Amino acid sequence: MSDLLDDDLEFRIGTLQLSTDHAATNTENQREKTSGNARNTPVNVPPSVLSGADSLTSSSSSFTDAREGQTNAQQGTEEAVQTVYPRYDVPFNRENIKDFFTFRRGVVENAIQECITALLFPEDGEYLGSWLLTEITLWDNEKERIVLLTSRLVMTIKYDFIAMKQLDFKKTYLDDLDTIVIGELVYPPSSLVPRLNGIASGVTTVVKDCVIDRLCRRPSEAEEAKLFDPKYFEPRERNLRGVRLMWNKGEALPLKTVWNPFSQDVPFITFASHPIYWHKDGGVDERSTYDMELFAEKLQRAVETAPSACCIHHSPIVIQSYVGLTSLLHNKTSMGFFKVRGKFSF
């Protein structure tokens, strides 16, 4: 059944490119500061719609500043949005997250330890950390993945958390990386995905908050007035940060990769925080296993100490999805995650 999780059938139009709307407000002083970091800037990298090397500006800002900025922005966004979307800005809710097998105590820790013991060898370099993250594929599908980081490589592991066994893995060597992008996950301006997300979220909100709740209790006058608030159906962006590792060497994706949903030759990989990150009890340490920001921080340090010419950008990451009906269904039903689904588990 797990093989069906990767069967993503969607008609796709366009090529993958990073946003060119970035860096319009960067000052000359920032450019002078980043130009001093020569070892993180690739030499003679040709312009590419995939790497975005011609439109992105390198940033030497620390992850602490980035995370503080993200926290402040999220707090401001939550204050403005929470009155309209009371329960659905955070991925899933507290009750649904308990259906995830990875939410159970000890499951993730045991799986990670098993993968470290079975898959890592001395020649893979010094072990730096392990995470359970969400991989976002070329076709905008979210999938649950164990990620191991060493001084030489990043290992992405597909793991069956029901049968507790490793299904597949892929090694990405740090020496092969030419670009790392860290920033907000966004869609192209012409994409219909935000509009479809807004419609889906609006229907879900109305059904759960307005219809079901009204069957259980009598609503107040204020709640009655908000029954069909059009703001529920406004376009919804992901409101999520991610990190993209790229080894395309300045070349655009070939058509055989762009149009093939089963292609394994995609020269990049994108990660975001796992949904459990927003629901895990405890502080930063308890949630660190599911935190993309911590992974990106350690990845940057590993790249900086490795003899590579990898360029690090802090910029929006464009998910080149224009219609996304299958990915919308895939992500809303969390088909990329192992969880209890009624009387079945897959």
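Because the structure is predicted, anything quoted here is derived from the model rather than measured.
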NZ of K256 to CG of D265: how many Å apart, nearest 0.5 Å?
6.5 Å

Donor-acceptor under 3.5 Å (Y159 side chain, M164 main chain):
yes

Backbone N/O of E144 and side chain of T134: donor-acceptor pair under 3.5 Å:
no

Distance-only, no hydrogens or angles: does the S191 side chain make a donor-acceptor pair with backbone N or O of P188 under 3.5 Å?
no

Point-to-point distance, once rounded to the nearest 0.5 Å, from CG of L153 to CD of E123:
10.0 Å

No-hydrogen, no-angle side-chain donor-acceptor test under 3.5 Å, T270 and R244
yes

Is the backbone of E142 close enough, under 3.5 Å, to the side chain of N331 for a donor and an acceptor to pair up by distance?
yes

When the ring centroid of H279 is compared with that of F103, is the distance short of 6.0 Å?
no

Should the pair F161 and F338 be assigned to parallel (<30°), tilted (30 to 60°) or perpendicular (>60°) ring geometry?
perpendicular

Validate the cation-pi geometry between R287 and Y290: distance from NZ or CZ to the six-membered ring centre under 6.0 Å, angle to the ring axis within 45°.
no

Rounding to 0.5 Å, atoms NE2 (H274) and CD1 (I97) come to a distance of 7.0 Å

Salt-bridge test for D140 and R238: reply yes if a basic N is under 4.0 Å from a carboxylate O, no otherwise.
yes

When you measure from the side chain of T150 to the backbone of G125, do you find a donor-acceptor pair of N or O atoms at a distance under 3.5 Å?
no

Between D124 and K171, does any side-chain N to carboxylate O distance fall below 4.0 Å?
yes

Distance-only, no hydrogens or angles: does the T257 side chain make a donor-acceptor pair with backbone N or O of L253 under 3.5 Å?
no

Within 6.0 angstrom of E286 CD, more than 12 heavy atoms from elsewhere:
yes

As an exercise, state the distance from CD1 of I180 to CG of L245, rounded to the nearest 0.5 Å.
5.0 Å

If I take atom CZ from residue R341 and atom OG1 from residue T333, how far apart are they, to the nearest 0.5 angstrom?
6.5 Å

Polar contact flag, side-chain donor to acceptor under 3.5 angstrom, Q113-E109:
no

Any donor-acceptor pair under 3.5 Å linking the side chain of R241 with the backbone of I182?
no

Do S130 and Y127 have side-chain atoms, one donor and one acceptor, less than 3.5 Å apart?
yes

Could you grab the distance from atom CZ of F169 to atom CG of L167, nearest 0.5 Å is fine?
12.0 Å

